[in-house]
Amino acid sequence: EPEVTQTPSHQVTQMGQEVILRCVPISNHLYFYWYRQILGQKVEFLVSFYNNEISEKSEIFDDQFSVERPDGSNFTLKIRSTKLEDSAMYFCASSGYRASLTDTQYFGPGTRLTVL
Amino acid sequence: QQQVKQSPQSLIVQKGGIPIINCAYENTAFDYFPWYQQFPGKGPALLIAIRPDVSEKKEGRFTISFNKSAKQFSLHIMDSQPGDSATYFCAASISSGSARQLTFGSGTQLTVLP
């Protein structure tokens, strides 16, 4: 069964450093998402991406964040200058061929980001 | 307005019991309500979902009850098994730009004792 993959599984970085989290969505999916989950809290929407541009972003997704689909398979989240409060689990998700009502978002296993 | 409130935070039942997890929302623009199951070290996986024009949906041992007027919905797990022990998230979906956006509840950690 196709699945979303994410690398690395755990990333440790120093405050102020740049990090890039990588995702390989399900092949042929057209919609891509990043969510994050701070430890013990709920999963929060960050950004959606379609047709090589951001479709929607939350207030969390400020100028420190950017997303890119550098080739036909990868989808990346970059945090330019990490803060302590960026420590969280980051989930990538993808969904299929149309953003219809019942279109399932498939989630990857997540990258745990720890900012020291 | 965009929140989805979920309770309880944790739940322990005996094998065969029927755990019930409740969620409530405010924004009537939400138009699809999925439930996700998450095991440790894994991402959330879709379990079952319902549209607001349906009052109940059943898939195997999992049932969603939906009360549109009260803006509440709940997940019932029939004949629960130890393998059902996981974190369950309710969510609400809304059209957002050209994609869709999920708003999650805070999660319920379910433990089913053997």
Side-chain angles (χ1 to χ4, degrees), chain A residues 1-6 9-10 23 25-26 29-61 67 75 89-112, chain B residues 1-10 21-25 27 29-54 57 59 64 66 86-109:
Chain A
E1 183 176 321
E3 56 182 16
V4 177
T5 59
Q6 291 185 243
S9 57
H10 190 190
C23 168
I26 292 173
H29 276 187
L30 299 178
Y31 297 87
F32 313 111
Y33 307 84
W34 284 100
Y35 292 82
R36 81 171 185 190
Q37 184 179 29
I38 295 172
L39 187 64
Q41 298 185 25
K42 62 183 176 182
V43 178
E44 299 174 289
F45 169 80
L46 290 179
V47 66
S48 59
F49 191 85
Y50 169 71
N51 199 26
N52 280 319
E53 60 183 21
I54 289 174
S55 176
E56 193 71 29
K57 58 184 180 180
S58 71
E59 60 275 9
I60 302 169
F61 194 89
V67 290
F75 179 51
M89 181 74 89
Y90 288 80
F91 293 106
C92 172
S94 69
S95 65
Y97 314 104
R98 59 195 183 281
S100 70
L101 194 68
T102 58
D103 206 24
T104 299
Q105 291 185 25
Y106 294 88
F107 283 75
T111 293
R112 179 166 297 285
Chain B
Q1 188 79 356
Q2 282 285 79
Q3 281 190 347
V4 176
K5 294 182 180 178
Q6 181 171 350
S7 62
Q9 187 174 4
S10 64
I21 304 170
N22 300 298
C23 287
Y25 64 98
N27 189 350
F30 289 134
D31 55 8
Y32 195 57
F33 298 88
W35 284 86
Y36 282 81
Q37 179 188 55
Q38 184 181 29
F39 292 104
K42 301 285 189 181
L46 179 68
L47 187 63
I48 185 173
I50 195 167
R51 298 169 55 136
D53 54 348
V54 174
K57 184 173 182 181
E59 285 185 5
I64 302 177
F66 194 90
T87 299
Y88 292 81
F89 293 95
C90 62
S93 177
I94 189 170
S95 180
S96 176
S98 56
R100 295 192 67 83
Q101 178 178 329
L102 288 173
T103 299
F104 283 85
S106 53
T108 296
Q109 189 166 346

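Chain naming here is simple, since letters A, B, ... match the order of the sequence lines and numbering starts at 1 in each.
When the shell of 6.0 Å around CZ of B:F66 is examined, it contains more than 12 heavy atoms from other residues, nucleotides or ligands. Atom CD of B:Q9 is surrounded by 12 or fewer heavy atoms from other residues, nucleotides or ligands within 6.0 Å.
Note that NZ of A:K42 and OG1 of B:T87 are 15.5 Å apart. Values are rounded to the nearest 0.5 Å. Rounding to the nearest 0.5 angstrom, the gap separating the CG atom in B:L102 from the OG atom in A:S95 is 9.0 Å.
When each of B:A49, B:G107, B:G105 is scored by its heavy-atom pairs under 4.5 Å with chain A, the top score falls to B:G105. The residue among A:Q105, A:E44, A:Q41 with the most heavy atom pairs within less than 4.5 Å of chain B is A:Q105.
Contacts of B:Q109 with chain A are absent, with no heavy-atom separation under 4.5 Å from either backbone or side chain. The part of A:Y35 that comes within reach of chain B is its side chain, from C-beta onward, which places non-hydrogen atoms under 4.5 angstrom from that chain. When heavy atoms are compared at a cutoff of 4.5 Å, A:F91 approaches chain B solely by way of its side chain, counted from C-beta outward. Residue B:P44 touches chain A through both its backbone and its side chain, counting heavy-atom pairs closer than 4.5 Å. With a 4.5 angstrom heavy-atom cutoff, A:Q37 touches chain B only via side-chain atoms.
A:F107 and B:Y36 have their aromatic ring centers within a separation under 6.0 angstrom.
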Test side-chain contact (heavy atoms from CB on, under 4.5 Å) applied to B:Q101 and A:K57, step by step: CA-CA 9 Å; B:Q101 178 178 329; A:K57 58 184 180 180; over 6 Å; no
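Between A:V43 and B:F104 the shortest heavy-atom distance is O-CB, 3.4 Å.
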